[in-house]
Amino acid sequence: MKALICGAGIAGLALAWHLERDGWDVELVERAPALRTGGYMIDFYGAGYEVTERMGLATRLRELRHPVRELDYLDRGGRRTSRFVLPPGFSRVVSLPRGDLARTLAEDVVAPVRYGVTIETIRQDAHQVEITLTDGTHRTVDLLVGADGVHSRVRELVFGPEERYLRHLGHHVAACVLTDAELSAQVGLRYRMLTVPGLMAGAYALAEDRLALLFLHREPDPALPADPAAALRRRYGDLGWILPETLPRLPADLYYDQVTQVQIGSWSRGRVVLLGDSCQAVSLFAGHGASMAVAAAWVLADELAAGDLPTAVPRTAGDLPTALTRYEERMRPTIAEVQAFGRRFIEWMAPSSRRRIAARDWLLRVAALPGVNRLFLNSLTPGGHDLITSRTDQLTARRQRRTA
């Protein structure tokens, strides 16, 4: 069985890892010129972390983690208004740059990745998918996977324009990494967030004197500015803290996008299926997207391989659309739950008024009390707890035998 995966990000690489161990002939194409190493800091936990444990990658992720000791909220001048110190032993939450997770997956995938290429046309029938790539070459495969993000090319070609499926959450986000030893030391091993109504700027120190920056601001218009760095300087220019030093140094190619969720009626059509943010984007506010991408790749591979298990009815290539439907049936309730959590969390992460900022700070002070802190952290894990099944245990054992 042959599969082409469009998108070599977290979701696409995770699926390639599983499929190649299940005997598939896998190829990935990625429109970026190289592996995407940028992106903002993420907290990787929940179902996705459990999957990486079964993949044998959790130890490597723990080695790459950046310890977050506390969360600090600051006023416009950089003075702390509230803080939350993480309890010791909270080891099943790994904080790291999104690119480090993608690189860890890529290093363990054998399937070839063609960079600087995406899909030009798609034509399918009941037996195969015929694909033309943007470099003029052609592929004929049994399965095409669109793991190419919120602005998915595969989704556009098969399901229609993205305007039908993107739900703009009224905010824009930007992220970049700067190298500055003094500022990195000043921020330290804590996530610090300056918040005023409608604006948030966050920072966290990385290794090698680097500083990860995140900007989030209220913007009802989903259209992106022609010059994102200049737009950020205008919006944040009158604020203090480290912003006077960092805003003039924002790179022209920083990550910048609208904050969206993807809501689409069906995740597959024939032999084409969507994966990760192309159909399951939960948004920055949910903070669970990487975990859901890894978990969804596992579930999709689980359903595609189920017919090979001794306890299952043997599955033929013609049954592939049924496997895709079952994958969606398993994942969709969890994605809906996490998306709803993200929408509820907007006023916590990006308060729209001084009153809401004060309420958030009060809640953080209560959450910091002994015995309450762990309950608070557990409340921030919105879903995906029941995605790993006994059948998945059988698949894990089989993949480990093939890898040995």
Side-chain angles (χ1 to χ4, degrees), residues 38-43 66 68 70-84 86 95 97-98 168-178 183 186-188 190-206 211-222 224-225 228-250 254-261 282-289 341-365 367 376 380:
Y40 39 77
M41 288 285 291
I42 62 171
D43 292 323
H66 294 269
V68 177
E70 66 181 65
L71 306 176
D72 286 354
Y73 285 94
L74 314 175
D75 65 14
R76 65 186 304 116
R79 293 174 293 273
R80 188 169 64 195
T81 60
S82 61
R83 69 189 295 225
F84 180 80
L86 273 69
S95 299
R98 191 179 186 91
H168 178 54
L169 297 186
H171 290 75
H172 286 188
V173 62
C176 67
V177 175
L178 301 179
L183 290 178
Q186 177 182 336
V187 172
R190 53 192 171 183
Y191 195 54
R192 313 198 79 187
M193 289 166 279
L194 180 152
T195 49
V196 298
L199 297 175
M200 188 277 281
Y204 180 80
L206 304 174
L211 187 69
L213 298 174
L214 176 70
F215 299 90
L216 180 68
H217 60 271
R218 189 173 297 273
E219 175 53 74
D221 185 356
L224 305 183
L232 291 176
R233 294 184 188 104
R234 287 193 298 271
R235 283 185 175 270
Y236 292 84
D238 63 342
L239 301 177
W241 185 39
I242 62 172
L243 295 178
E245 289 85 359
T246 56
L247 287 173
R249 299 167 55 189
L250 295 178
L254 85 169
Y255 169 80
Y256 191 106
D257 205 351
Q258 57 175 296
V259 182
T260 60
Q261 293 181 341
V282 296
S283 84
L284 172 71
F285 293 118
H288 211 44
F341 172 88
R343 294 190 294 273
R344 294 194 302 270
F345 203 68
I346 291 175
E347 282 292 351
W348 168 274
M349 190 171 180
S352 59
S353 66
R354 292 185 178 86
R355 178 178 60 83
R356 289 186 178 275
I357 291 175
R360 180 207 61 198
D361 290 342
W362 175 84
L363 183 58
L364 269 180
R365 287 190 284 272
F376 173 73
L380 301 182

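Everything numeric here is computed off the predicted structure, so don't read it as measured data.
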Reported [atom1]-to-[atom2] distance for the pair [X] and [Y], which is rounded to 0.5 angstrom:
{"X": "Leu211", "Y": "Arg249", "atom1": "CG", "atom2": "CZ", "value": "9.0 Å"}
{"X": "Ile346", "Y": "Arg356", "atom1": "CD1", "atom2": "CZ", "value": "11.0 Å"}
{"X": "Asp75", "Y": "Trp241", "atom1": "CG", "atom2": "CH2", "value": "11.5 Å"}

[X] side chain vs [Y] backbone, donor-acceptor pair below 3.5 Å:
{"X": "Gln261", "Y": "Val282", "value": "yes"}
{"X": "Glu347", "Y": "Ser352", "value": "yes"}
{"X": "Arg233", "Y": "Leu247", "value": "yes"}
{"X": "His172", "Y": "Phe215", "value": "no"}

(request) Verify the ring-centre separation between Phe341 and His288: is it less than 6.0 angstrom? (result)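 They do not qualify: ring centres at least 6.0 Å apart.
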Contact between [X] and [Y] at the side-chain level, heavy atoms closer than 4.5 Å - yes or no?
{"X": "Met200", "Y": "Leu214", "result": "yes"}
{"X": "Leu364", "Y": "Leu71", "result": "no"}
{"X": "Leu363", "Y": "Trp348", "result": "yes"}

(request) Can you label the angle between the His217 ring and the Tyr256 ring as parallel, tilted or perpendicular, going by 30° and 60°? (result)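 Taking Tyr256 first and then His217, their aromatic rings sit tilted (interplane angle of 30° to 60°).
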